[in-house]
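This report refers to the structure that appears directly beneath it.
We use all heavy atoms of the structure for the numbers below, so side chains are in, but hydrogens, waters and symmetry mates are not. Reminder, nothing fancy here: chain letters follow the sequence lines and each chain counts from 1.
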Amino acid sequence: MERVRVRFAPSPTGPLHIGGARSALFNWLLARKYNGTMVVRIEDTDLERSSPESEKNILDSLRWLGIDWDEGVEKGGPYGPYRQTERVEIYREYAQRLLAEGKAYYCYCTEEELEAERQALLARGEMPRYTGRCLRLTVAEKRRLEAEGRRPALRFRVPPGRVVTVEDLVRGPVRFETDGIGDFVIVKSDGIPTYNFAVVIDDALMKITHVIRGEEHLSNTPRQLLLYEALGFTPPRFAHVSLILGQDRTKMSKRHGATSVEQYRRMGYLPEALINFLALLGWAPEGEKEIFSREELIQEFSLDRVAKNPAVFDLEKLNWLNGYYIRQAPLAKIRELAVPYLREAGYITGQENPAWLDLVVQSVREYLTCLAEITQHVGIYFAPQVPPADEEAANVLRGEQVPQVLTAFSRLVEERDITTVEEAKAVLKDLTRMTRLGGKQVYLPLRVALTGRTRGPELYYILPILGREKLKQRVEAAFAWLGVEKPAP
RNA sequence: GGCCCCAUGGUCAAGUGGUCUAAGACACCGCCCUUUCACGGCGGUAACCCGGGUUCGAAUCCCGGUGGGGUCACCA
């Protein structure tokens with residue numbers, strides 16, 4: 001069997017979109033599974049909208065996701081260049097051939113003329129399709145038009161009365177009638193090829209065996225098939241994956257929230273979580289497993305388990321998966337990833353003791369859905385003061401046993417070192433012994449005194465994180481809030 | 001509007017004529033664990049778009065309808 005060669009061919013007109021990332025992922029999984037080659041090609045023939053910034057963003061996002069490529073832009077390879085604007089000479093050659101063979105012809109219509117024609121067709125209730133009028137131009141007319149300064153576009157002559165069948169790997173055979181397809185432009189008047197033309201030549205020349213892409217390209221495929229035929233190329237196998245929709249079941253766009261990989265990266269989603277999530281969107285593994293490492297995905301992936309129906313992007317599930325990965329990852333890794341968010345919030349300088357930072361992160365990691373959320377949970381450690389946050393907390397602090405508890409606690413703080421979880425646990429245990437009170441009577445008010453809240457991380461994390469000075473200070477503040485004189489030791 | 005794709009719980013989805021009184025996951029609800037919340041464990045609510053066929057038998061096959069999506073550019 002021939003070696004699998006797949007490609008991801010983004011157009012650099014914006015950041016890498018979630019949908020694009022999934023297409024890239026599916027291609028990559030197939031390549032890695034069959035020991036094939038992953039090619040990345042940049043389709044920048046839209047001179048207006050393409051930008052180097054977008055290209056960089058896309059490539060960076062791919063790298064961040066761990067989707068690497070063997071051939072392509074920034075990497076080179078035997079079928080380069082891999083940026084379409086650098087390949088115009090190649091396209092020109094094939095265009096000339098089609099022209100010489102009478103399979104393509106020049107069209108001098110202006111945008112206005114085409115629009116007028118479209119409207120006329122629409123008005124008569126007909127399909128808005130190019131009627132092929134420039135096909136009938138005489139040599140003299142062409143000369144006159146050119147003398148006017150008109151630059152022609154090159155149109156492909158679609159053979160009438162035929163049926164083109166796309167043998168789609170996920171959808172099965174899909175038939176299209178060529179009569180429904182107007183003669184389409186393959187080279188624009190500025191000499192730049194259109195998508196449909198360039199993609200065919202590139203995929204053929206780069207020996208691509210499988211084209212896995214979004215469903216929006218399905219109706220383009222018959223045009224491309226016609227071009228493969230006219231050019232004498234063997235077409236690759238096609239697999240069209242359905243689109244990813246927003247919560248309201250329409251195509252995912254900016255108004256649905258974050259749609260680019262970069263945005264998720266910034267919010268503190270882990271690449272392995274995003275990969276896992278994307279794989280599960282439109283593809284189903286054989287068993288009941290839901291958590292997959294990259295390697296497992298490569299092992300399990302197969303095109304015939306790709307779903308045909310469009311999938312709604314479910315942020316809740318991504319959050320769950322990301323939270324899962326955050327909980328599973330080595331603490332040191334999560335700490336490193338969390339530092340930038342804590343610094344940005346002004347909570348830390350980054351010079352802190354790693355062991356202490358570990359405690360901070362560990363105390364709240366199970367609450368996290370994404371790393372950016374960490375700042376909401378660790379605020380209690382850094383706030384200058386922590387008065388009771390609500391009535392419930394205030395009532396807890398007003399308990400009659402509270403002064404006794406706080407007094408005993410402050411004595412322990414003076415006497416003992418509390419820098420580890422173990423030491424903290426011992427102190428807490430001694431506190432109940434000293435006060436001869438039930439746990440709830442002791443720990444809940446202590447929690448409120450130290451954090452202002454009735455809920456939060458384990459006390460045995462809070463104690464060593466705050467440290468002696470802050471513990472003393474917050475106990476004092478609690479006494480002050482109660483309006484009670486701290487009993488002498 | 002023409003053409004094309006799609007249709008199982010709120011969401012992702014398994015299911016390819018009988019083992020479906022339909023799996024699993026997220027979300028939701030309850031219980032347990034826990035001297036808080038969360039995590040974790042256990043359990044629960046909840047679905048085959050509608051109508052016709054075919055068949056002894058249909059979520060599964062066929063036709064129609066409805067709904068959603070895509071596409072009809074000198075965008076990709």
Side-chain angles (χ1 to χ4, degrees), chain A residues 9-13 43-46 48-50 84 107 109-111 114-115 118 122 125-130 151-155 166 168 170-172 174-177 179-182 184-196 198-199 213-223 240 242-243 245 247-251 277 280-291 305 307-321 323-324 327 364-368 377 396 428 432 437-444 446-448 451 453-459:
Chain A
S11 167
T13 54
E43 310 215 324
D44 56 351
T45 55
D46 184 341
E48 298 286 302
R49 298 193 299 148
S50 295
Q84 289 187 328
C107 171
C109 296
T110 61
E111 215 174 297
L114 291 171
E115 186 53 34
R118 196 172 302 134
L122 236 30
E126 286 178 42
M127 213 190 307
R129 162 164 43 101
Y130 186 70
R151 307 297 313 153
L154 191 64
R155 280 185 190 271
V166 179
D168 195 276
V170 345
R171 276 148 222 286
V174 184
R175 277 169 270 276
F176 295 87
E177 294 186 15
D179 289 343
I181 305 171
F184 55 92
V185 172
I186 54 176
V187 181
K188 304 179 229 178
S189 54
D190 60 3
I192 303 294
T194 59
Y195 163 72
N196 279 120
V199 78
R213 71 212 329 185
E215 194 195 337
E216 70 263 35
H217 292 293
L218 182 54
S219 50
N220 273 321
T221 311
R223 290 181 181 77
H240 288 95
S242 356
L243 276 69
L245 310 178
Q247 304 286 347
D248 61 354
R249 302 207 133 269
T250 66
K251 191 174 175 175
F277 175 70
L280 257 22
L281 254 197
W283 170 80
E286 248 177 273
E288 291 182 354
K289 223 164 109 81
E290 298 272 337
I291 305 289
R305 294 191 67 83
K308 292 197 269 269
N309 49 319
V312 172
F313 185 91
D314 184 7
L315 186 59
E316 296 282 3
K317 186 152 184 176
L318 204 213
N319 283 341
W320 170 75
L321 262 170
Y324 176 86
R327 272 171 252 129
V364 298
R365 85 194 298 194
E366 64 202 27
Y367 300 112
L368 303 180
H377 294 97
V396 166
L428 290 167
T432 48
L437 287 168
K440 198 165 185 174
Q441 298 287 296
V442 175
Y443 300 127
L444 200 53
L446 182 59
R447 171 182 297 285
V448 172
T451 69
R453 288 152 209 277
T454 53
R455 303 168 170 186
E458 299 285 359
L459 276 171

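- Residue Asn309(A) has its side chain nearest to A7(B) when only A7(B), A38(B), C75(B) are considered.
- For the C1' atoms, the distance from U21(B) to C6(B) is 29 Å, rounded to whole Å.
- Among the protein residues, Thr432(A) comes within range of the nucleic acid bases, having at least one heavy atom under 4.0 Å from a base atom.
- A side-chain donor-acceptor contact under 3.5 Å links Gln247(A) to the backbone of Phe313(A).
- Comparing A23(B) with U16(B), their P atoms are spaced 14 Å from each other, to the whole Å.
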Could you run down the sub-3.5 Å N/O contacts of the protein with nucleotides 64-71 of chain B?
{"from": "U71(B)", "atom 1": "O4'", "to": "Ser219(A)", "atom 2": "OG", "distance (Å)": "3.1"}
{"from": "U71(B)", "atom 1": "O2'", "to": "Ser219(A)", "atom 2": "OG", "distance (Å)": "3.3"}

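- Side-chain contact between Val396(A) and Arg447(A) is absent, with no heavy atoms from C-beta onward closer than 4.5 Å.
- With Tyr367(A) contributing its side chain and Gly456(A) its backbone, the two residues share a donor-acceptor pair below 3.5 Å.
- For Arg155(A), a side-chain nitrogen or oxygen approaches OP1 or OP2 of C74(B) to under 4.0 Å.
- Nucleotides U11(B) and G68(B) have their P atoms positioned 15 Å apart, rounded to a whole Å.
- Nearest-nucleotide assignment on RNA chain B puts the 5′-proximal partner with Glu286(A), out of Tyr195(A) and Glu286(A).
- Backbone-only contact: Thr194(A) has heavy atoms under 4.0 Å from sugar-phosphate atoms and none from a base.
- With sequence neighbours left out, the side chain to side chain donor-acceptor pair (under 3.5 Å) criterion links Asp190(A) to no other residue.
- With C1' as the reference atom, U55(B) and U45(B) are 35 Å apart, rounded to whole Å.
- Between the P atoms of C61(B) and G2(B), the separation comes to 26 Å (whole Å).
- Look at G64(B): its Watson-Crick or wobble partner, with both distances under 3.5 angstrom, is C50(B).
- Among Thr45(A), Val185(A), Leu154(A), the one residue that satisfies the side chain to side chain contact (heavy atoms under 4.5 Å, CB included) test with Thr194(A) is Val185(A).
- Taking only side-chain atoms of Lys440(A), from C-beta outward, the nucleotide of A13(B), U35(B), A76(B) with the closest atom is U35(B).
- Distance, Arg49(A) CZ to A73(B) C1': 11 Å, rounded to whole Å.
- Residue-level contact check: Pro457(A) touches the bases, meaning some heavy atom is under 4.0 Å from a base atom.
- A straight line from CZ of Arg305(A) to P of U16(B) spans 10 Å, rounded to a whole angstrom.
- In this structure, Asn319(A) places its CG atom 16 Å from C1' of C39(B), rounding to the nearest Å.
- Between the CZ atom of Phe184(A) and the C1' atom of A73(B) there is a distance of 13 Å, given to the nearest Å.
- Between Phe176(A) atom CZ and C3(B) atom P there is a gap of 12 Å when expressed in whole angstrom units.
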* For side-chain hydrogen bond (donor to acceptor under 3.5 Å, both in side chains), just list the numbers for Asp248(A) and Thr250(A), CA-CA rounded to whole Å, side-chain angles, deciding distance to a tenth of an Å, and then say yes or no. => CA-CA 6 Å; Asp248(A) 61 354; Thr250(A) 66; 3.0 Å; yes
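- Within the 4.0 angstrom heavy-atom criterion, no nucleotide atom of any strand lies near Gly323(A).
- Proximity of Asn220(A) to Val199(A): side-chain heavy atoms (C-beta onward) are nowhere separated by under 4.5 Å.
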* Worked check of side-chain contact (heavy atoms from CB on, under 4.5 Å) between His240(A) and Ser219(A) -> CA-CA 10 Å; His240(A) 288 95; Ser219(A) 50; over 6 Å; no
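- Distance check on atom P: C48(B) versus A59(B) gives 11 Å, rounded to whole Å.
- If you take atom C1' in G41(B) and the same atom in C33(B), they sit 7 Å apart, rounded to whole Å.
- The residue among Glu177(A) and Gln441(A) whose nearest nucleotide of RNA chain B is located toward the 5' end is Glu177(A).
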* Structure fact -> 5' to 3', nucleotides 21-34 of chain B under a 4.0 Å protein heavy-atom cut-off (B base, S sugar-phosphate only, - none) gives --SBBBS-------
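- For the pair Arg213(A) CZ and C5(B) C1', the interatomic distance rounds to 14 Å; values are reported in whole Å.
- You won't find any donor-acceptor pair under 3.5 Å spanning the side chain of Arg327(A) and the base of C39(B), going by distance alone.
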* Would you check, one step at a time, whether the test side-chain contact (heavy atoms from CB on, under 4.5 Å) holds for Tyr195(A) with Ser11(A)? => CA-CA 10 Å; Tyr195(A) 163 72; Ser11(A) 167; over 6 Å; no
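- In this structure, Trp283(A) places its CH2 atom 12 Å from C1' of A14(B), rounding to the nearest Å.
- In terms of modelled atom types and a separation under 3.5 Å, the side chain of Thr432(A) and the main chain of Gly439(A) share no donor-acceptor contact.
- Nucleotides U60(B) and U8(B) are separated by 11 Å at their C1' atoms, to the nearest Å.
- The distance between atom NZ of Lys308(A) and atom P of C6(B), rounded to the nearest whole Å, is 6 Å.
- Distances from the side chain of Thr45(A) to the nucleotides C74(B), A13(B), A76(B) place A76(B) closest.
- For Arg305(A) (side chain) and Ala284(A) (main-chain N/O), a donor-acceptor pair under 3.5 Å exists by modelled atom type.
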